[in-house]
A.B. asks: 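Before we start, here is the structure in question, set down as structure tokens.
Keep in mind the model is a prediction, meaning the values are calculated, not measured. Chain letters run A, B, ... following the sequence lines, proteins first and then strands; every chain starts at 1.
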Number of protein chains: 2
Amino acid sequence: MSKESLLPLLARHVLAHGLGQASLRPLAKAAGTSDRMLIYHFGTKEALLADLLGFVAGTYAQALDAALGGERAGTRGQALARILAHAQSEAMQPFMALWWEIVAGAARGLTGFALAAQAIMSELLGWLETQMPERDPDPRGGARYLLALIEGTLMLDAVGHGETAREGLLASGLSPA
Amino acid sequence: MSKESLLPLLARHVLAHGLGQASLRPLAKAAGTSDRMLIYHFGTKEALLADLLGFVAGTYAQALDAALGGERAGTRGQALARILAHAQSEAMQPFMALWWEIVAGAARGLTGFALAAQAIMSELLGWLETQMPERDPDPRGGARYLLALIEGTLMLDAVGHGETAREGLLASGLSPA
DNA sequence: GACGTCTTGTAGCAAGTGCTACGATTAGCT
DNA sequence: AGCTAATCGTAGCACTTGCTACAAGACGTC
């Protein structure tokens, strides 16, 4: 079992159970090894977590490319709707739960978390920029504006204020009225 | 030492060190008691956490009222700037770090976390509604729109994408150009 | 003073934590 | 074949976790 072949299994466990419960022995069982081997491969739990978060960020990038093909949106509102539908889909729910744990770690200054979070946000921002309407007057600023709005919406979703977010988007003038 | 007199001390410790490291013995030491007493008063760590998060939510409500007095903003942009300045202030930094942990817990479905998060968001939303400009065409929707934008901005701040958020706000048309 | 309830200290338990020591197996290279 | 280095299993260590058992003081009520 190589390091690389372990990462997907570890990620699966973390997506399902969260980072808080991610201790070596359960992780090892989920990956079909022993804690001894995890330490052997990664050296330290901290290093394991850093590698794991990097892997998750990479997986997210792939999922984004796969799910949201290339053609440009007609309006900012369409780009917004498209990405919200993706993030709110059933399949992305485990990732979203993990995402807020990554944000919390980044806010506490944990380096591995901050790096993964920045990578994921950069990925999403890059995708948003390619999605901006063809003759948008300010694609760069617009993409960043949408990014803030999207993340705020997803956060409100996560804490049970989804309806609040929906009304906010309606009032933003972006939604297809 | 009553339950109520313990809560501020416990909150201080959690704000400084985070929820992840919040185990009974360190908490007890920070509050000047023993783990035995914490269990005696709260019954369970889970119950302690729920009480503690409720207390933090209440404290946040007070801080909001105290720091951001009553007079209405002239424009949506002013309301936005005002609350962002508050949330990004040095004094609020420990609370913001704790906030993302609360969000992460809520996203994982932990009841105490979800309740506290909803209370805090409702408080902020209520305050935003009182701050909307006098002749705003849609104060209800506008407040919700601002809420999403604010939380997205704060999240990007937390993960080191503060500059991204700033550019997004500039492109929103809300900032005093 | 007697009684029962509330409060608190000291010890400790069973389980889980990250990590290490040591030995056995395997693989690759000469 | 013989040697070296990578890979892995078994035990275990020192420590922390949430929580409990047991007993002693504090305190108001009769």
A.B. asks: Roughly, in whole Å, what's the span from NZ in A:Lys29 to C1' in C:dA15?
C.D. replies: 13 Å
A.B. asks: Taking atom types as modelled, is there a side-chain donor on A:His41 or A:Thr33 under 3.5 Å from an acceptor on the other?
C.D. replies: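 There is no such pair (donor and acceptor under 3.5 Å, judged by atom type) between the side chains of A:His41 and A:Thr33.
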A.B. asks: Donor-acceptor pairs under 3.5 Å, side chain of residues 91-110 of chain B to any protein atom, not counting sequence neighbours: which ones?
C.D. replies:
{"unit_1": "B:Trp99", "atom_1": "NE1", "unit_2": "B:Glu151", "atom_2": "OE1", "d": "3.4"}
{"unit_1": "B:Glu101", "atom_1": "OE1", "unit_2": "A:Arg108", "atom_2": "NE", "d": "3.2"}
{"unit_1": "B:Glu101", "atom_1": "OE1", "unit_2": "A:Arg108", "atom_2": "NH2", "d": "3.0"}
{"unit_1": "B:Glu101", "atom_1": "OE1", "unit_2": "B:Leu19", "atom_2": "N", "d": "3.0"}
{"unit_1": "B:Glu101", "atom_1": "OE2", "unit_2": "B:Leu19", "atom_2": "N", "d": "3.3"}
{"unit_1": "B:Arg108", "atom_1": "NE", "unit_2": "A:Glu101", "atom_2": "OE1", "d": "3.3"}
{"unit_1": "B:Arg108", "atom_1": "NH2", "unit_2": "A:Glu101", "atom_2": "OE1", "d": "3.1"}

A.B. asks: For a 4.5 angstrom cut-off between non-hydrogen side-chain atoms, does A:Phe113 reach B:Val159?
C.D. replies: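 No, too far: nothing below the 4.5 Å cut-off.
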A.B. asks: Would you kindly give the CZ-to-P distance between B:Phe42 and C:dT8, to the nearest whole Å?
C.D. replies: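 Atom-to-atom, B:Phe42 to C:dT8, this comes out as 12 Å.
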A.B. asks: OP1, OP2 of C:dT8 versus side-chain N and O of B:His41: anything below 4.0 Å?
C.D. replies: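 Yes, such a contact exists.
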A.B. asks: Round to the nearest Å and state the distance from B:Lys3 atom NZ to C:dT7 atom C1'.
C.D. replies: 15 Å
A.B. asks: Is there a side-chain polar atom (N or O) of A:Tyr40 under 4.0 Å from OP1 or OP2 of D:dC8?
C.D. replies: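 Indeed not, no polar side-chain atom of A:Tyr40 lies that close.
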A.B. asks: Which pairs pass ring pair (Phe, Tyr, Trp, His ring centres under 6.0 Å) with one or both residues in residues 8-33 of chain B, sequence neighbours excluded?
C.D. replies: B:His13-B:His17
A.B. asks: Can you give me the N/O atom pairs linking the protein to nucleotides 17-21 of chain D at distances under 3.5 Å, or say none if there are none?
C.D. replies:
{"unit_1": "D:dT17", "atom_1": "OP1", "unit_2": "B:Ser23", "atom_2": "OG", "d": "2.2"}
{"unit_1": "D:dT17", "atom_1": "O4", "unit_2": "B:Arg25", "atom_2": "NH2", "d": "3.3"}
{"unit_1": "D:dG18", "atom_1": "OP1", "unit_2": "B:Lys45", "atom_2": "NZ", "d": "2.7"}
{"unit_1": "D:dG18", "atom_1": "OP2", "unit_2": "B:Leu24", "atom_2": "N", "d": "2.8"}
{"unit_1": "D:dG18", "atom_1": "N7", "unit_2": "B:Arg25", "atom_2": "NH2", "d": "3.4"}
{"unit_1": "D:dG18", "atom_1": "O6", "unit_2": "B:Arg25", "atom_2": "NH2", "d": "2.9"}
{"unit_1": "D:dC19", "atom_1": "OP2", "unit_2": "B:Lys45", "atom_2": "N", "d": "2.9"}
{"unit_1": "D:dC19", "atom_1": "N4", "unit_2": "B:Arg25", "atom_2": "NH1", "d": "3.2"}
{"unit_1": "D:dC19", "atom_1": "N4", "unit_2": "B:Asp35", "atom_2": "OD2", "d": "2.5"}
{"unit_1": "D:dA21", "atom_1": "N6", "unit_2": "B:Arg36", "atom_2": "NE", "d": "3.4"}

A.B. asks: Please name the residue in the list B:Lys45, B:Arg25, B:Lys29 that meets the salt bridge (charged side-chain N to carboxylate O under 4.0 Å, His left out) test with B:Asp35.
C.D. replies: B:Arg25
A.B. asks: Do A:Arg72 and A:Glu134 meet the salt-bridge criterion of a basic N to acidic O distance under 4.0 Å?
C.D. replies: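 Here A:Glu134 does not pair with A:Arg72 in a salt bridge, since their nearest N and O are not under 4.0 Å apart.
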